[in-house]
Structures are given as C-alpha cells and as structure tokens.
Amino acid sequence: MKLKILPPTLRNKKRYIAFEAISTVPLTREDVISLVWESSLNFHGECKTSKFDLWITKMWNCESSNDKKVIKGIIQCNRKETELVRASISLINKFKGRPVAFHTLGISGTIKAAIKKYIKLEDKHK
Amino acid sequence: MYFDFHVHGDSHLACEARRLGYRGIALIQPSNNFKPEPIKDFIEEDFLILNGVEIYAKNPEDLKKKVQKFRKKVDVIIVNGGNIKINRAACEDPRVDILVNPFKTRRDSGINHVIAKKAAENEVAVEIGLNHIINTRLSLRAKMLSNFRQIIKLKHKFKFPLITTSNAHSIYNLRTPEDIITLLRCLGLTSQEAKNSLSQNPLQIYEKKKIRDNMVVKGARILE
C-alpha cells in the first residue's frame with residue numbers, strides 16, 4: 001500500500017538550483033545525476049550528502065555546436081543546505097576524461113520562478 | 001565588481017569571463033616566454049584586461065633581477081613560490097603583487113608567521129588557486145584544502161591580502177564568482193572576506209599599479 005502523503009508542515013523544505021553545464025560531449029540526465037552525486041560524495045562525504053535530498057528535476061538541451069554543448073537544468077535540494085550543494089556542483093570538472101564545467105545560475109523557491117528568472121527558455125522548449 | 005587576476009588564454013576566454021560576471025582579468029605569461037600585448041581583438045569599454053608575468057626564480061637574487069626587469073613592462077607581477085627562500089624574498093619585495101603556489105613541492109603551506117608579517121607589511125597578496133581544488137581529487141584535494149586553511153588561519157592573524165584566482169587555461173576552468181564565494185565559505189572564510197578576495201584586493205593591486213611610478217617610498221609620492 002502506498003504511504004499517505006505527509007502534511008505540508010512535516011515535509012522537507014526545498015529549494016531549486018538552476019544550473020548550466022558546458023561540455024564537449026552530450027550529457028544525458030543519468031550522466032548529470034552521477035556527476036552531481038559523485039562530486040558531492042567526494043567533497044562532503046556520505047554523512048553530509050544524505051542531508052541534501054538531491055534530485056535532478058528537469059533538464060533542457062539549449063545550445064549545441066561541434067565542440068561546445070550547453071544544457072540547463074534544475075536541481076532540487078534541501079532548503080538549509082543550498083550553499084554546500086552549490087559548492088559541490090561547482091567542483092565538477094571531468095566526465096569520462098573530457099572537460100565539463102557546471103555554473104549555478106540562481107536559487108529559487110519554486111520551479112516556475114526558477115525557469116522564468118534563470119533558465120529563460122526559448123519558445124521551442126516550452 | 002569581480003576580477004580574476006591569474007588567467008592564461010586568449011580573447012575567447014576573456015569573452016567567457018565577461019559572460020560569467022567578471023569585470024576584468026589579468027592575462028599572465030611565463031617569464032621565460034614573455035611577449036608584450038598578447039590580446040588585441042577583444043576590447044570592451046567596461047572590461048579590464050591587464051598584462052602580467054609569472055616569475056619562476058632559482059634563488060632570491062635571480063628573483064630580484066627578474067622583478068626589476070619586468071616591473072615597468074607589465075601591470076601585475078606574480079611570483080611562483082615553493083622554495084621557502086623564494087617565498088620570503090617575494091613577500092619582502094613591495095614590487096611583487098601576488099605570491100602563488102607557496103606550497104609547491106612542500107608538505108606544509110610554505111607560509112609561516114615571519115613571511116605572513118612581511119607580506120602584510122609590503123602588501124603582497126597570497127593566492128588561493130582554485131585549479132588546485134577543482135582539478136584534483138580525494139587525498140590530493142584534501143591536502144590542498146588543508147594548505148589553504150593554514151594560509152587562511154595566518155591571514156586572520158596577520159591580515160595580509162588574500163586573492164582568489166582561477167588559474168584557467170580554458171573556459172572549462174572558469175567558475176562564476178558566486179560559486180567561488182560559496183566554495184571559499186567552506187574553507188572557513190566569511191562571505192565578506194571571500195568577496196574581498198575577488199573584488200577589493202585585486203582592485204587595490206590595480207590602483208597601486210597606477211600610482212606606482214610616482215611612488216618614492218611607501219606612503220610618499222610625487223604629485224607632479
């Protein structure tokens with residue numbers, strides 16, 4: 001049987017971090033999940049990472065040329081730990097031996113506001 | 001206003017730095033392969049591009065000779081440390097702007113209370129190079145972080161200027177200033193100190209460069 005949903009006062013409070021990733025090879029959602037988790041586990045360790053409630057909410061392919069591919073996305077995390085999550089995301093540097101750079105665009109309380117303020121999608125993605 | 005005073009690269013990198021929110025960079029070239037004015041095709045009004053040189057010296061005498069040679073030619077002089085004698089000679093010379101890698105090939109941070117006091121007196125900034133954190137992993141990264149923590153501890157006591165740079169060779173080494181501030185907060189700096197290491201301290205180096213030609217000794221300069 002499915003668990004009954006917690007009342008709002010007992011749920012973990014969330015924040016949404018908008019990010020962009022620049023890489024030479026195309027990245028899938030699974031790749032981004034493994035990169036973010038690995039970097040966080042390496043930098044902060046298992047104990048602190050368990051507090052982060054990391055989740056990749058959404059991802060968009062924004063720009064792609066031969067040597068530069070840009071994706072944008074939203075990471076959900078715990079409200080109290082945004083700074084630590086941000087630090088660990090910025091430390092991602094390699095994916096399968098190729099260089100990757102992650103930049104945080106901004107932090108928001110709702111997905112809608114994060115998309116509107118930081119991701120700024122073009123019409124074709126909407 | 002954020003600055004990155006240790007970048008190796010071309011106009012492409014300057015363009016990316018501008019997009020990420022920097023207001024200026026210093027392009028650094030090694031002292032043994034120095035070419036004046038490397039960049040000409042990227043000129044923006046609100047973006048500052050300085051020329052710099054990174055000095056690799058064998059001993060303190062060699063360092064002095066090279067500093068004398070480059071001081072009039074470039075805006076920023078960076079000394080690559082490692083040897084304890086070079087670290088000390090760099091911090092005792094007011095003509096030097098930044099000391100980088102004081103911990104190179106050493107087991108400790110390469111800075112002690114004597115060097116820290118001299119650095120504060122002569123306003124020589126000590127660098128926190130983000131490439132040492134970003135491009136390393138696990139045990140090596142932990143050692144680098146502990147070196148930086150030691151430098152930060154001495155900074156709190158002796159108040160020498162601290163400067164944060166990316167040491168980037170490509171656009172994949174650059175990070176946004178806000179990300180860097182959160183990273184520095186993990187090392188035990190307050191957010192104001194972290195901000196100063198990216199904005200105020202580099203700006204001071206630039207301001208000092210402008211009046212350096214007229215300066216006779218510290219605290220006195222010719223007005224006409």
Side-chain angles (χ1 to χ4, degrees), chain A residues 15 17-25 27 35-36 38-46 48-49 51-52 62-63 65-72 75 77 80-108 117-118 120, chain B residues 2 4 7-10 12-13 15-22 128-146 148-149 164-195 198:
Chain A
R15 280 289 177 270
I17 300 179
F19 69 93
E20 67 167 8
I22 305 170
S23 66
T24 48
V25 285
L27 294 172
L35 278 172
V36 170
E38 198 186 331
S39 154
S40 174
L41 282 170
N42 275 342
F43 190 57
H44 295 298
E46 291 155 4
K48 273 192 183 169
T49 306
K51 294 181 200 161
F52 292 169
C62 282
E63 190 189 318
S65 59
N66 276 342
D67 56 340
K68 189 179 164 192
K69 298 190 168 51
V70 180
I71 56 164
K72 288 184 180 176
I75 295 176
C77 73
K80 288 178 189 161
E81 314 287 350
T82 46
E83 280 220 328
L84 298 183
V85 175
R86 204 174 173 170
S88 70
I89 292 170
S90 69
L91 285 175
I92 299 169
N93 69 326
K94 273 211 164 79
F95 174 68
K96 290 185 181 167
R98 305 283 180 85
V100 187
F102 274 64
H103 304 298
T104 315
L105 300 172
I107 299 172
S108 168
K117 268 173 92 175
Y118 303 117
K120 290 173 190 160
Chain B
Y2 297 113
D4 190 341
V7 171
H8 312 261
D10 49 11
H12 186 50
L13 207 130
C15 189
E16 176 75 4
R18 187 161 180 264
R19 189 185 72 89
L20 292 179
Y22 289 99
I128 288 189
L130 287 175
N131 64 323
H132 295 295
I133 311 178
I134 291 172
N135 295 338
T136 53
R137 289 186 69 220
L138 303 173
S139 64
L140 194 59
R141 183 185 278 176
K143 273 175 203 158
M144 285 301 158
L145 289 175
S146 100
F148 290 142
R149 270 179 214 278
T164 312
T165 60
S166 67
N167 204 344
H169 285 82
S170 76
I171 59 161
Y172 297 103
N173 296 125
L174 287 173
R175 295 291 181 271
T176 59
E178 288 81 11
D179 282 348
I180 295 173
I181 289 169
T182 54
L183 204 61
L184 290 175
R185 275 172 59 86
C186 291
L187 287 172
L189 283 173
T190 62
S191 55
Q192 191 56 46
E193 283 168 340
K195 245 181 221 175
L198 279 166

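Letters go in sequence order (proteins before strands), and every chain restarts at 1.
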Exercise. Are A:Ile89 and A:Ser39 close enough that some pair of their side-chain heavy atoms sits under 4.5 Å apart?
Worked result: no

Exercise. How long is the span from the CG atom in A:Leu84 to the NZ atom in A:Lys51, to the nearest 0.5 Å?
Worked result: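 Result: 8.5 Å between the selected atoms.
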
Problem set entry | Rounded distance [0.5 Å steps], CD1 in B:Ile133 versus CZ in B:Arg141 |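 Going from the CD1 atom of B:Ile133 to the CZ atom of B:Arg141 covers 8.0 Å.
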
Problem set entry | A:Lys72 atom NZ, neighbour heavy-atom count above 12 within 6.0 Å |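 Yes, NZ of A:Lys72 has more than 12 neighbouring heavy atoms, counting only those of other groups under 6.0 Å.
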
Exercise. Is the closest side-chain donor-acceptor distance between B:Asp179 and A:Thr104 under 3.5 Å?
Worked result: yes

Portion of [X] that has a non-hydrogen atom of chain A nearer than 4.5 angstrom:
{"X": "B:Ile134", "result": "both"}
{"X": "B:Leu20", "result": "side chain"}
{"X": "B:Leu174", "result": "backbone"}

Seminar exercise, completed: Turns out that what part of A:Ser23 lies under 4.5 Å from chain B's heavy atoms comes down to backbone

Exercise. Checking heavy atoms, do the side chain of A:Leu105, its backbone, both or neither come under 4.5 Å from chain B?
Worked result: neither

